[in-house]
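These values consider heavy atoms only, across backbone and side chains, with no hydrogens, waters or symmetry-generated copies. So you know, we letter chains A, B, ... as the sequences are listed, proteins then strands, and number each from 1. Everything quoted here is computed from the prediction, not taken from an experiment.
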Amino acid sequence: MVTINVNKFKCGYCGACVGVCPAGALELVETWIEVNETCTSCGICAKICPVGAIEVKK
Amino acid sequence: MKNEYDVIVIGAGPAGSIAAKTAALKGLDVLLIEKRQEIGDPVRCAEGVSKIWLRKHIEPDHRWICADVKGSRIYSPDGTMIEMAEEIAGGEVGYVLERKLFDRALAYESAKAGAEVMVKTRAMDLIMENGFVRGVKVMHLGETYDIRAKIVIGADGVESKVGRWAGIDTSLKPADIETCAQYLMSGTGIDQNYCYFYLGNDIAPAGYVWIFPKGEDLANVGIGILGSKSGGKHAVDYLNEFVKKTYPNARILEMDVGGVPVSGSIEKTIANGLMLIGDAARQSDPITGGGIINAMEAGKIAGEVAYKAISKGDVSTKALQEYENKWRSTIGYEIDNSLIVKETFTSFTDKEIDSLAHSLEGVNFSSMSLLDLLYALFRANKKLLWDLRVLFKNVVKYELDFER
């Protein structure tokens, strides 16, 4: 189950979220972010995103 | 693309290109892969670099140098300005680069040295056998390939996965990353001879605003805030506030965002058949955020160690330990000192930063060494001396060694 939502219109595909993900659930593929099932909804990615492009789904 | 190489370097930033070039010049069969279709784009960097250190790796070329900087002007929260001349400002002065062209120029150097370069080629996993990294699974234009190598060098940046695949935890905590946003702006009216830094917890919590000249009337106007202070407002929100207030009439020509590791040295940057370099190894400077020079230094060491290890037929951590030792005793030493300074400075209130700036007012910086600067600061701020006692000891030792 994907538990975060990346707004691709805001995302600057910088990869900062990938670097902080403790589960290694994120991947920056060229110009978009992919999320796999190991995401725990911890919200660190949403916190540190420079442009606020990530939302944790409730 | 072949099935097998001596060395595969993952990521064609400054670290990866220098590693690939160094290994190729030694006669190794090298593949440099880059997941993007263009090397150097999108930019995630303020683009400032020290002249002296840059020259160690590449001859400066006007095609990728935008500005030649003479000094830095640092503003404390109440507007007190400290000007640092070239001799002591260290990493804050030098050239402001056009990274899109600079990174490609470095990759070109590696190609000229004999390395094979592949763009739009993404590492998906490592090939592991008996506890050794033996190659990389890559995707190129939607097809996957297994490519074997005696040594893999991970230069895959802040979003690095290579270390994690080999069992090295490189994940950054929010307090270990500066989250950054930057506009390339026209019409700021800054003096193109200086880099500008604005400190203050209101404008950039546990970070700073920078304005780096980019030639003509252009400048990189950017901000980094500590990840642990982000959330309610993000880096771009702080940047928009600063720009609206300071340069209401300037025009935005480009937007760049990025995360800069400020964790300091991580525990381990090697595994059997693997070395991590640059931002992937968290080798950026924890106080300035500068990473280009450290990345190139690490890349060079890694390229040389790869050659030695492959020549001896031993790519185990025992052989690669030389890389670990060399980078830790050179750039690692600076990174450790900067981490101590970062931890002290990010705990300061705006009032404390102002009082530090006041203590330096009227000091003639042009004739000062870094040691003089620290003495001036410590004389006026006993608490700072205590907080930075470890650093102080190291700096004295380093300066004395340096002068000898």
Side-chain angles (χ1 to χ4, degrees), chain A, chain B residues 34-38 41-45 119-124 139 156-161 163-165 169-182 222-240 255-261 263 279-280 282:
Chain A
M1 193 180 73
V2 175
T3 48
I4 61 163
N5 190 25
V6 182
N7 182 336
K8 67 180 176 192
F9 299 106
K10 276 191 180 180
C11 175
Y13 43 94
C14 71
C17 54
V18 181
V20 297
C21 178
L26 304 182
E27 172 83 6
L28 171 59
V29 185
E30 292 193 53
T31 55
W32 68 92
I33 296 291
E34 285 186 353
V35 189
N36 71 25
E37 69 288 347
T38 59
C39 171
T40 64
S41 302
C42 72
I44 294 175
C45 55
K47 182 178 170 65
I48 65 89
C49 175
V51 292
I54 304 177
E55 252 180 29
V56 181
K57 287 186 194 167
K58 293 278 183 270
Chain B
E34 166 58 49
K35 71 179 164 190
R36 303 194 186 283
Q37 59 192 23
E38 290 173 72
D41 186 77
V43 172
R44 305 162 170 176
C45 178
V119 295
K120 239 170 153 47
T121 305
R122 180 170 62 99
M124 301 184 71
M139 181 180 273
D156 51 336
V158 67
E159 75 262 40
S160 178
K161 284 290 191 69
R164 297 190 200 216
W165 291 331
D169 181 14
T170 55
S171 67
L172 295 162
K173 295 184 184 68
D176 291 340
I177 190 167
E178 286 280 330
T179 158
C180 306
Q182 169 175 279
I223 190 169
I225 64 172
L226 202 60
S228 52
K229 310 274 184 181
S230 170
K233 282 199 292 187
H234 297 270
V236 74
D237 302 319
Y238 286 98
L239 178 62
N240 286 334
M255 178 179 175
D256 308 305
V257 292
V260 177
S263 57
D279 277 9
R282 311 321 189 194

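Remark: side-chain polar atoms of B:Thr121 are paired, donor with acceptor, to backbone N or O of B:Val119 under 3.5 angstrom. Looking at B:Thr179, its side chain does come within 3.5 Å of a backbone N or O of A:Ile48 through a donor-acceptor pair. B:Asn240 places no side-chain N or O within 3.5 Å of a backbone atom of B:Asp237 that could act as its donor or acceptor partner. No donor-acceptor distance shorter than 3.5 angstrom exists from the side chain of B:Arg44 to the backbone of B:Ala181, with no hydrogens or angles considered.
Across A:Cys21, A:Cys17, A:Gly12, the residue that shares the most heavy-atom pairs under 4.5 angstrom with chain B is A:Cys21. Looking only at heavy-atom pairs under 4.5 Å with chain B, the residue among A:Ala23, A:Gly24, A:Pro22 that has the most is A:Gly24. For the set B:Gln37, B:Met255, B:Lys161, the entry with the most heavy-atom pairs within less than 4.5 Å of chain A is B:Lys161. Here B:Gly227 is the residue among B:Gly227, B:Gly157, B:Gly259 with the most heavy-atom pairs under 4.5 Å with chain A. Contact tally against chain B (heavy-atom pairs below 4.5 Å) for A:Ala46, A:Gly43, A:Pro50: the top residue is A:Pro50. Per-residue counts of heavy-atom pairs under 4.5 Å with chain B were compared for A:Gly15, A:Ala16, A:Gly19; the largest is that of A:Gly19.
A salt bridge does not link B:Lys35 to A:Glu27: none of the charged side-chain nitrogens sits closer than 4.0 Å to a carboxylate oxygen.
Heavy atoms of B:Met139 lying under 4.5 Å from chain A are absent altogether. With a 4.5 angstrom heavy-atom cutoff, A:Ile44 touches chain B only via side-chain atoms. Proximity to chain A involves both the backbone and the side chain of B:Pro174, based on heavy atoms less than 4.5 angstrom apart.
The minimum heavy-atom distance between B:Val158 and B:Arg282, with the atom names listed, is O-NH1, 3.0 Å.
Residues B:Thr170 and B:Arg164 are in side-chain contact: their nearest non-hydrogen atoms beyond the backbone lie under 4.5 Å apart.
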